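Inspection log for the structure reproduced underneath, given as structure tokens.
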Amino acid sequence: MSGVVIGLVLAGVLIPGGIILAAVLFAISLISYFELTRATGVHQEDGKFSILEICGYIAIIVHYIQMLLVGTHKYYIFSIMFAFFLIMVCYVVNFPKFKSMQAMAAFFCFVYAPVNMSFVYLLRLRSYGKYLAWIPFIAWVCDTCAYFAGRAFGKHKMAPILSPKKTIEGAIGGILGSVAVGAVFGYLLYRNEVHNVNVIYMLMLITFIGSIIAQLGDLLASGIKRDHNIKDYGNLIPGHGGIMDRFDSVIFVIPCIYFLAVVMISHF
């Protein structure tokens, strides 16, 4: 049921795009930043927000305002450097209240979730964005196909210490499922917009690369949880955990899909 609701919300924001999509991405970014800072020790043990966290939230607001005003990745370096300097200044001013690793974690959490997630908005703005904005979510298709392929054929462990249940056979199944979805999207784009059969092969290549990156993103999120001895990032979504538990692989792959689409699709 949670998956169905997530799918409906996804359709409800990706189809219209614009300010609706930006608002939902902003909310997801705030929640995911909270989950990450709590997991990595930036959030204070007494439940109060630390000044490092507050700096991160300010940076998220600045980043999304810039995103809405400019609508391109070319100026993302501004908000990233703004977050870096703001967090580091707060760390220095409050020294030795915080450890250096907490300051670095606060900055990492900002880039990892809010910045990466915002590329969905930029992808939706591009030519053929109503199709391309769906592509990062092949990470979920990859997860599902990898799960069933692993259950059916899995014998060789892929990362036995980090994620004992993942197998090489499952990973291959996830890649094949993602490429199949890429072929479907490529065909729709070919029939309705581009009328160049090469777009099908480019979408298959993009989803092939994206599925590999998505599985690395899933392992990254698992590694963070294992490092900090937590099972889930949160309990916001019944049956899934927190936002980061559901979007971990998606968040990691979004900017990669964006730049691949810019290079491969924009010239059609």
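Worth knowing before you read on, the calculation uses all heavy atoms, side chains too, and leaves out hydrogens, waters and symmetry mates. Computed from a prediction, not measured in an experiment: that's the story for all the values here. All residue numbers refer to positions in the sequence shown, counting from 1.
Residues Val253 and Phe108 share a single hydrophobic cluster, defined by chaining ILVMFWY side chains whose heavy atoms lie under 4.5 Å apart. Linking ILVMFWY side-chain heavy atoms closer than 4.5 Å, directly or via other members, places Val181 and Ile172 in two distinct hydrophobic clusters. Cluster membership check: Val89 does not share its hydrophobic cluster with Ile80, using side-chain heavy-atom separations under 4.5 Å among Ile, Leu, Val, Met, Phe, Trp and Tyr. One hydrophobic cluster, built from ILVMFWY side chains closer than 4.5 Å, holds both Ile31 and Tyr121.
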Candidate pair Tyr76 and Phe119, rule ring pair (Phe, Tyr, Trp, His ring centres under 6.0 Å), full reasoning: CA-CA 10 Å; Tyr76 268 26; Phe119 276 94; 5.1 Å; yes
Steps toward ring pair (Phe, Tyr, Trp, His ring centres under 6.0 Å) verdict (Phe84, Phe107): CA-CA 6 Å; Phe84 176 78; Phe107 176 69; 5.4 Å; yes
Criterion side-chain contact (heavy atoms from CB on, under 4.5 Å) on Tyr187 and Val199, from CA distance to verdict: CA-CA 8 Å; Tyr187 179 75; Val199 76; over 6 Å; no
Chi angles and distances behind the ring pair (Phe, Tyr, Trp, His ring centres under 6.0 Å) call for Phe137, Trp140: CA-CA 6 Å; Phe137 299 94; Trp140 290 340; 5.3 Å; yes
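Residues Tyr112 and Met244 form a side-chain contact, since some pair of their non-hydrogen atoms from C-beta on lies under 4.5 Å apart. Residues Thr72 and Leu122 have side chains not in contact (no heavy-atom distance under 4.5 Å, counting atoms from C-beta outward). Taking the side chain as every heavy atom from C-beta outward, Ser32 and Met117 never approach each other to under 4.5 Å. Looking only at side-chain heavy atoms (C-beta outward), Cys109 and Thr40 come within less than 4.5 Å of each other. Looking at Ile19 and Leu68, their side chains come closer than 4.5 Å, going by heavy atoms from C-beta outward. Two residues are said to be in side-chain contact when any heavy atoms from C-beta on lie closer than 4.5 Å; Ile254 and Leu123 fail this criterion. Lys130 places none of its side-chain heavy atoms less than 4.5 Å from the side chain of Ile15. Using a 4.5 Å heavy-atom threshold, the side chains of Leu25 and Tyr64 count as touching.
When atom types are taken as modelled, the side chain of Arg124 and the backbone of Leu14 share a donor-acceptor pair closer than 3.5 angstrom. Tyr233 contributes a side-chain N or O that, together with a main-chain N or O of Ala221, makes up a donor-acceptor pair within less than 3.5 Å. Of the possible polar contacts, one joining the Glu35 side chain to the Ile243 backbone as a donor-acceptor pair under 3.5 Å is found. Thr37 places a side-chain N or O within donor-acceptor distance of the main-chain N or O of Tyr33, the cut-off being under 3.5 Å. A donor-acceptor pair under 3.5 Å is formed between the side chain of Arg226 and the backbone N or O of Leu162. In this structure, Glu169 contributes its side chain and Lys155 its backbone to a donor-acceptor pair below 3.5 Å. Side chain of Asn196 to main chain of Asn198: a donor-acceptor pair is present (N/O by atom type, distance under 3.5 Å, no hydrogens or angles). Looking at Asp245, its side chain does come within 3.5 Å of a backbone N or O of Gly242 through a donor-acceptor pair.
Annotation: Met81, atom CE; neighbour count of heavy atoms from other residues, nucleotides and ligands within 6.0 Å is above 12. By the 6.0 Å contact criterion, CG on Asp227 is enclosed, its count of non-hydrogen atoms from other residues, nucleotides or ligands being greater than 12. Other residues, nucleotides and ligands place no more than 12 heavy atoms under 6.0 Å from the NE2 atom of His156. The number of heavy-atom neighbours closer than 6.0 Å to CD1 of Ile161, taken from other residues, nucleotides and ligands shown, is 12 or below. Under a cut-off of 6.0 angstrom, the local environment of NZ in Lys225 is crowded, with over 12 non-hydrogen atoms contributed by other residues, nucleotides or ligands.
Residues Arg246 and Asp143 are paired through a salt bridge, judged by an N-O separation under 4.0 Å between the basic side chain and the carboxylate.
Taken from NZ in Lys166 to CG in Asp218, the straight-line distance is 3.5 Å, to the nearest 0.5 Å. Interatomic distance, Ile257 CD1 to Ile209 CD1, rounded to the nearest 0.5 Å: 8.0 Å.
Of the residues listed (Ile58, Val62, Ile54), the one engaging Leu86 in a side chain to side chain contact (heavy atoms under 4.5 Å, CB included) is Ile58, and it is the only one.
For Phe98, the side chain to side chain contact (heavy atoms under 4.5 Å, CB included) criterion is met by Ser50, Ile51, Leu52, Tyr91, Asn94, Gln102, not counting sequence neighbours. Every side chain to side chain donor-acceptor pair (under 3.5 Å) that Arg151 has, sequence neighbours left out, goes to Tyr147. Legend: residues meeting side chain to side chain donor-acceptor pair (under 3.5 Å) with Tyr190, ordered by chain and number and at least two apart, are absent.
Taking both residues in full, the closest heavy atoms of His63 and Ser118 are given as NE2-OG, 2.9 Å, listed atom of the first, atom of the second, then distance.
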